[in-house]
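First the proteins, then the strands, lettered A, B, ... as listed; each starts at 1.
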Amino acid sequence: MALLQISEPGMSAAPHEHRLAVGIDLGTTNSLVATVRNGISVVLNDEQGRALLPSVVRYLADGSVQAGEAAQAMQSEDPTNTIVSAKRFMGRGLSDIGNASGLHYHFVDAPGMVQLRTVAGVKSPVEVSAEILRVLRARAEEALGGGLVGAVITVPAYFDDAQRQATKDAAKLAGLNVLRLLNEPTAAAIAYGLDNAAEGVYAVYDLGGGTFDISILKLSRGVFEVLATNGNSALGGDDFDHRIYCWLLEKNNLSALGAADTRLLLTRARAAKEELTEHDETRVTAILRSGETIDTVLARQDFHDMSQNLVEHTLQPVRRALRDAGLAVTDIKGVVMVGGATRMPQVQRAVAEFFRQTPLTNLDPDKVVALGAAIQANVLAGNRSADDWLLLDVIPLSLGIETMGGLTEKIIPRNSTIPTARAQEFTTFKDGQTAMSVHVVQGERELVADCRSLARFELRGIPPMVAGAARIRITFQVDADGLLDVSARETGSGVEAHITVKPSYGLSDTEITRMLQDSNQHAQDDMQARALREQQVEAEQLLEAVQNALAQDAALLNKDEEAHILACMDGLRAVLQTADHHAIKRSVTQLNDATVTFAQARMDKSVSRVLGGRKLTDLET
Amino acid sequence: MQAAVSDFGSAETRFVFDESRFQQDFFQLFGLPTSYRIDHTQLDQHYHALQVQVHPDKFSHLSEAERRVSMQWATRVNEAYQTLNNPIKRARYLLSLRGVDTQEETNTIMPAGFLMEQMEWHEAIQEAEEARDAGELDKLKLRLQHEVHVLQQQLADQIDIERDYAAATEGVRKLKFLEKLAEEINSAFDAIDN
């Protein structure tokens, strides 16, 4: 029997080559890269067979950079130039960083995001993260034998807009095309859910090195729907180390240690924490710079006592997430544990007590996020498998603007499913007013001062009118990465114009270019050649996509429309092989613009087909 | 902090969510009858079926034009789902389709007895918070849920059967009050947590 092949809308019926895509878990302590091979998600190891890359970067005086194991080995010896846990500084100002004084970096308080002074100059946390991503990208390209189409990068669900933007910028800096920013607990749910064909409501408890997330998800017939998420983006395994470190200082009557000793004891503290997962007690030994030796025994129970309130801190967001989801503990079918810090027995016990069930730990808590991200990357790259599934995620924190008296007016509430948009109308306060200032914030608190400031911008060029006559419509759009775009439009004068404002915590394209040029590794890269190559790849993909669309749906177009699209395709093909990447870009834009109506018609068609079998009978009229 | 400044008139052609492109109302979009009482199973199923077609994850490897259209549609479908899934939003939306404004901002006149009850609720929540009595808050929450349920049933009859839209708008405003109380209870829980 001959089977008719029907392809998904927008998908090519012709087999195409497998597009190389990866999922990257950019962690506070360790980072990983995974990919889908022969339908199975696998973590890619380095040459020594190690999956985890320590998220440590060391800057050397000669301008060279070490990342991973080599950098980690030098962290006590060269603490100010060896950056650990850079994720904690992403999108953060100096004032946001807890116990900054306890960290032995030379912080530079820059607008928007804190920076670090090293022997190789001032570095942004974005640049530090990019070094880690570069290593993983090289590892993946080596293992897969080719250039990557793109990557899914995971972020803590509770990351705000500034932290997400910083992560995306780091990926860009590392030469990665970001297919999607994916929330870590959601990534874990994908890996777990698809593996177990789970159905029902699940909680993902994700305690990483520096961040804590809780997500409540409903899994039903291939749909992963996040109902609520909460967390603390400055609480993680590092804080447990810090408790042991403080205890060591106290026990040994130590005060004001130098940078090297601090780093040494923190490393010992982490080792002790890990030891206590398996053993009832552990011995901490170290020789300080002064020659003083430390030899202290730490009992598991003492560690549990000193860290008990950290564990309790994680349960507050859990309760909030449940309330936001409108659910009780008894509604939760399973609890998935994610993040290395969930190996601690006291954490497992607290979670088990809270949810009144044994948490699920059958997937490696260090790897599950990267594995899920790889599965998503495979889908986004267009290597879709037959059994379809869908991910519906939410925004973790409310978005709003400042109103009179420093109060926050919420425009998009937390836990709204993304993508989402909301518009609010404003008017002028005075006759002839031509400018208006808008302050965008994120957070749950009533006072603007207690929320995170994302951007301030001024709308100028409002046509002069009497007070209250202008109609300024400000639209917040949050995309599928959870990133915000604000645009405004003046409609009162009948002239429609709009502006788009990017939250200012993100780096500008110029800054990214500067960082790229600063980076030694990339000085050798021919920037022009790379830009051209990327433009060509994008153009080829666009041509292929439009070709496929025409093959399926040319009937939706009239003769003129089709001719116009074909002409734009020819135009693009003509410049494709030239070395003029500006010309290619122009032609790409032209072709994109020429196909907007076509894309809409195709979408209308596929939407009407979904519910097309049903009769739209209005019972009332 | 840098300020991103732009002038009106510098028409950058970027994607802006534009509601006017869509002709179907939310009920039509989901293939559901235009009524307050709604089949939530069907709503959820149709929501998922629509998102499978339009979600940006299905278009990320395609052209920018298709990605833009996808984001617009997915945003619309989410908005529609949130509106129909939430009892107050659904009532407000349905009444607006009938040309009735719920006057939540302008009409602040409520029955005296109802306002008295609100005061009592408010005090009870405050007392429970001050006593850090989570058990009492749980009880209040249950009682409130019951009242919300009763009001919703009334509202459903007023809209779907009696077509008494004046009564329905008052019902929506009452529910809005109760929604605020539910938020108060939640922040009381938060306060006890901290």
Side-chain angles (χ1 to χ4, degrees), chain A residues 9-10 19 111-112 179-180 223 316 319-320 323 379-382 388 390-392 416-417 419-421 423 453 455-462 475 477 479-480 487 489-490 497-502 504 541-542 545-546 592-593 595-596 599-600 603 606-607 610-611 614 616-620, chain B residues 1-17 19 21 27-35 44 46 48-79 81-82 160 186 189-190 193-194:
Chain A
R19 298 170 201 244
L179 295 169
R180 183 75 75 237
V223 181
Q316 289 170 12
R319 284 191 279 268
R320 283 196 201 116
R323 276 201 293 278
V379 169
L380 295 180
D388 230 345
L390 176 73
L391 190 58
L392 297 167
S416 295
T417 308
T420 186
S453 170
R456 281 174 205 273
F457 62 91
E458 235 170 59
L459 300 178
R460 292 199 199 128
I462 301 170
T475 305
Q477 169 84 55
D479 65 17
S487 60
R489 184 200 296 235
E490 204 289 308
H498 66 262
I499 61 140
T500 296
V501 182
K502 280 271 175 211
S504 48
Q541 283 173 1
L542 175 63
V546 176
N592 265 316
D593 290 346
T595 54
V596 170
Q600 282 168 348
M603 189 68 102
S606 86
V607 166
V610 187
L611 304 174
R614 298 166 213 282
L616 302 183
T617 44
D618 187 328
L619 297 184
E620 283 229 323
Chain B
M1 172 147 354
Q2 313 148 358
V5 177
S6 225
D7 282 343
F8 273 107
S10 63
E12 205 188 326
T13 51
R14 280 193 60 112
F15 164 74
V16 172
F17 184 70
E19 179 79 32
R21 211 188 78 69
F27 290 98
Q28 291 166 339
L29 177 64
F30 279 91
L32 294 170
T34 314
S35 64
D44 285 359
H46 292 191
H48 291 165
L50 281 169
Q51 281 293 13
V52 163
Q53 291 298 311
V54 304
H55 196 274
D57 285 358
K58 310 287 171 185
F59 294 84
S60 65
H61 60 295
L62 297 179
S63 74
E64 198 204 319
E66 294 191 88
R67 292 201 304 266
R68 246 188 280 169
V69 171
S70 152
M71 176 143 96
Q72 205 163 11
W73 263 98
T75 299
R76 163 87 174 174
V77 170
N78 278 335
E79 171 75 14
Y81 177 72
Q82 276 151 31
D160 292 346
N186 274 347
F189 273 119
D190 277 351
D193 259 0
N194 288 332

With side chains defined as the heavy atoms from C-beta onward, is the minimum distance between [X] and [Y] less than 4.5 Å?
| X | Y | result |
| --- | --- | --- |
| Arg323(A) | Phe189(B) | yes |
| Leu390(A) | Lys58(B) | yes |
| Trp73(B) | Val607(A) | yes |

Rounded to the nearest 0.5 Å, the OG1 atom of Thr595(A) sits from the CD atom of Glu66(B) at a distance of 7.0 Å
Can you tell me how far CD of Gln53(B) sits from CE of Met603(A), rounded to the nearest 0.5 angstrom? 8.5 Å
Give the member of Val546(A), Leu392(A), Leu179(A) that has the highest number of heavy-atom pairs under 4.5 Å with chain B. Leu392(A)
So which residue, Ser416(A), Ala423(A), Pro419(A), ends up with the most heavy-atom pairs under 4.5 Å with chain B? Pro419(A)
Sorted by chain and residue number, the side-chain hydrogen bond (donor to acceptor under 3.5 Å, both in side chains) partners of Arg67(B) (sequence neighbours excluded) come out as none
Test side-chain hydrogen bond (donor to acceptor under 3.5 Å, both in side chains) applied to Asn592(A) - qualifying residues, sequence neighbours left out: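 For Asn592(A) there are no side-chain hydrogen bond (donor to acceptor under 3.5 Å, both in side chains) partners, ignoring immediate neighbours.
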Please step through side chain to side chain contact (heavy atoms under 4.5 Å, CB included) for the pair Gln477(A) and Met71(B), ending with a clear verdict. CA-CA 10 Å; Gln477(A) 169 84 55; Met71(B) 176 143 96; 3.8 Å; yes
Give, as side chain, backbone, both or neither, the part of Gln316(A) having an atom under 4.5 angstrom from any heavy atom of chain B.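 Contact with chain B is through both the backbone and side chain of Gln316(A).
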Is chain B contacted by the side chain of Val596(A), its backbone, both, or neither, given a heavy-atom distance below 4.5 Å? both
Among Gln51(B), Gln82(B), His55(B), His48(B), which residue forms the greatest number of heavy-atom pairs with chain A at distances under 4.5 Å? His48(B)
Relative to chain A, which segment of Asn78(B) carries a heavy atom at a distance below 4.5 Å: side chain, backbone, both, or neither?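 For Asn78(B), the contact with chain A is made by the side chain alone.
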Heavy-atom donor-acceptor pair, Ser60(B) side chain to Leu380(A) backbone, under 3.5 Å: yes
